[in-house]
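This report refers to the structure that appears directly beneath it.
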Amino acid sequence: MSYDTWSSSSWRTHPIKHQPAWPDQARLDGVLKELAGYPPLVFAGESRRLQNQLGRVANGEAFLLQAGDCAESFAEFSADQIRDKLKILLQMAVVLTYSSGVPTVKVGRIAGQFAKPRSSPTETQDGVELNSFLGHMVNDANFSEDSRAHNAGRLQQAYHQSSSTLNLLRAFTKGGFADLNQVHAWNQEFVASSPAGQRYEDLADEIERALRFMRACGLHGGNVSEIHEVDFFTSHEALILDYEEALTREDSLTGDWYDCSAHMLWIGERTRQLDGAHVEFLRGVKNPLGCKVGPTATTDEVLGLCEALNPNRIPGRLTLISRMGADTIEADLAPLLAAARDADYPVVWACDPMHGNTFTSDGGRKTRHFDAVMAEIQGFFAAHRSEGTWPGGVHVELTGDDVTECLGGGDELATVDLEVRYETMCDPRLNGRQSLDLAFGVAELMRA
Ligand code: PEP
Ligand code: CO
C-alpha cells in the first residue's frame with residue numbers, strides 16, 4: 001500500500017465500514033461544526049507522555065493494563081461508577097506492578113467508549129426489524145423505532161460525558177484517592193473475603209512487607225509523589241470518524257495533528273483494512289494507536305499495519321491487541337510476533353482475552369468463562385516465551401460493579417447466576433472481583 005497526503009478529512013475518500021446512516025445531513029453538519037469549536041478533551045503533551053510510557057512497554061520495561069466497559073452508557077453515569085471502575089484498575093495495577101517488577105501503564109476504556117461495530121446493521125425481534133444498537137454515541141439500546149434512530153445530537157452528549165468523566169478521573173488520580181497504601185488495603189479486603197484468598201495471600205503479604213520497608217526507609221506519599229498519585233490515560237475505539245475528525249486539532253507546540261478525544265485510540269477488528277478509512281484517519285494523528293488483530297490476521301496484514309501506522313518505527317506508537325480465542329492463540333499469534341520482530345517493528349503486544357471467547361449460554365445470555373479468559377492469557381505468555389518477545393499487557397472488559405455477566409472466577413459464577421445482575425449493553429464484562437482474580441492469575445503467570 002502507498003498512501004497519499006494526509007489531512008484530518010482524507011479518510012472521506014476511502015472505503016468505510018460501520019458508520020451510522022445519519023438521517024439528517026444538515027443536523028449532522030451543525031453538530032460537527034459545534035464539536036470542532038469545543039475545547040480538546042486531552043492535550044497533545046499528555047498523549048506524548050503516554051506514548052513514552054508505551055515505548056517502555058515495547059522495550060520490555062513496563063506492562064500495559066487497558067480496561068473498562070465494552071460500551072459506556074449515558075444512563076449508567078455517576079461518580080460512584082467511575083470511582084469504582086478506577087478503583088479496580090488501580091488495585092489490579094498494584095498486583096501487576098509488584099509481580100512483574102516493572103511499572104504498569106494504566107489506560108481506561110473510558111471517557112469516550114460509546115460506539116460499537118455490530119455484525120448486522122439491523123436486528124429483528126418478533127418480526128419487527130430495526131436498526132442495531134450502535135452505542136450511545138449513535139442511538140439507544142431500547143428496542144423501539146425512536147430509540148434506535150441514529151441521532152447526531154448524541155455525539156455532543158458523548159463529548160460532554162467524556163469531559164466530566166475525565167474531570168473526575170483527573171481529580172481522583174491526582175487528589176489522593178490513588179494512594180498506594182490505600183489501594184493495597186482494598187486488595188487485602190478482597191483477599192480476606194475471596195474463596196480463593198489463600199492462594200493470593202502470600203502475594204498480598206509480600207506487597208505488605210514491601211510497603212512497610214518503603215515507609216521505614218522514609219519513602220511515603222508526603223515526599224514521593226508516585227506513592228500518592230498516578231498517571232491514568234483514556235482510550236476508545238475510534239469508530240465514528242465524523243466525531244474523531246471534529247476533535248482533531250493541530251498542536252501549537254509541534255505542528256502535529258492529535259485526535260484530542262482521548263489519549264489513545266484503537267482500530268477495531270472489523271475496520272482494520274489497510275486501504276480503509278480508519279487506517280487512513282489514524283495514520284495521520286500522532287496519538288499512540290492500537291489495532292485489534294483477530295484469528296484471520298495474516299503476517300502480511302500485520303506488517304502492513306505496522307508500515308501504515310508506524311513507518312518510523314517509534315516504540316510506543318503502535319499497540320497490537322490480539323484477540324484470537326483461547327484454543328488457537330498460541331498457534332495464531334506466534335507467526336505474527338516473529339514477523340514483526342524480524343522486520344524490526346517495535347510493537348506493544350497486548351492480549352484481549354475477551355472477544356475470542358464469547359458464547360451464548362443455555363439461557364440465551366452472551367457470556368464468557370473466566371477459565372477461557374485466563375487460558376488465552378496463558379497462551380499469550382507462552383507464544384511470547386517461544387518467540388523471545390515481551391508479553392506487553394492485557395486489554396479487558398470489566399466494571400467495578402457487582403454484575404453477573406461472565407462465568408467462573410473465585411466466586412464460581414454459574415449459568416443461573418447470569419440472571420441476577422446482567423446489565424451490559426453490549427459484551428459481558430468481568431465484575432470487580434473477577435477482575436482482581438484475573439490480576440492475581442496474571443501475577444502467578446508472571447512469576448512462573
Ligand atoms: C471491543 O473491543 O469491544 C470490540 C468490538 O472488539 P473487536 O474489534 O476486537 O471485535
Ligand atoms: Co466488546
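As the structure lists them, so they are numbered: ligands from 1, and atoms in each ligand from 1.
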Are [X] and [Y] ion-paired here, with the side-chain N under 4.0 Å from a carboxylate O?
X    : Y    : answer
R283 : E280 : yes
E46  : R48  : no
R429 : D69  : yes
K292 : E237 : no
D402 : R433 : no

For ligand 1, which of its N or O atoms have a protein N or O partner closer than 3.5 Å, and how long is each gap?
from: ligand 1; atom 1: 2 (O); to: R109; atom 2: NH1; distance (Å): 2.9
from: ligand 1; atom 1: 2 (O); to: R109; atom 2: NH2; distance (Å): 3.3
from: ligand 1; atom 1: 2 (O); to: K292; atom 2: NZ; distance (Å): 2.8
from: ligand 1; atom 1: 2 (O); to: H355; atom 2: NE2; distance (Å): 3.4
from: ligand 1; atom 1: 3 (O); to: R109; atom 2: NH2; distance (Å): 3.0
from: ligand 1; atom 1: 3 (O); to: K116; atom 2: NZ; distance (Å): 2.7
from: ligand 1; atom 1: 3 (O); to: H355; atom 2: NE2; distance (Å): 3.0
from: ligand 1; atom 1: 3 (O); to: E397; atom 2: OE2; distance (Å): 3.0
from: ligand 1; atom 1: 6 (O); to: K292; atom 2: NZ; distance (Å): 2.8
from: ligand 1; atom 1: 8 (O); to: E269; atom 2: N; distance (Å): 2.9
from: ligand 1; atom 1: 9 (O); to: K292; atom 2: NZ; distance (Å): 2.9
from: ligand 1; atom 1: 9 (O); to: R323; atom 2: NE; distance (Å): 2.7
from: ligand 1; atom 1: 10 (O); to: R270; atom 2: NH1; distance (Å): 2.9
from: ligand 1; atom 1: 10 (O); to: R323; atom 2: NH2; distance (Å): 2.8

Check: Quick one: side chain to side chain contact (heavy atoms under 4.5 Å, CB included) partners of Q51, sequence neighbours excluded?
Finding: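 Expected list: P288, I314, R317.
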Item checked: Partner residues of D362 under the salt bridge (Lys or Arg N to Asp or Glu O under 4.0 Å) criterion, sequence neighbours left out ->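 Per chain and number, D362 pairs via salt bridge (Lys or Arg N to Asp or Glu O under 4.0 Å) with no residue.
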Notebook entry, point to check: Around the Co ion (ligand 2), how many protein N, O or S atoms are closer than 2.8 Å?
Noted result: 4
Checklist line | Distance flag, aromatic centroids of W266 and H236, threshold under 6.0 Å | finding: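 Ring-ring flag for H236/W266: false, centres at least 6.0 Å apart.
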Margin query: As a quick check of understanding, evaluate side chain to side chain donor-acceptor pair (under 3.5 Å) for T122 and R148, giving each step before the final call.
Written below: CA-CA 10 Å; T122 62; R148 291 291 176 92; over 6 Å; no
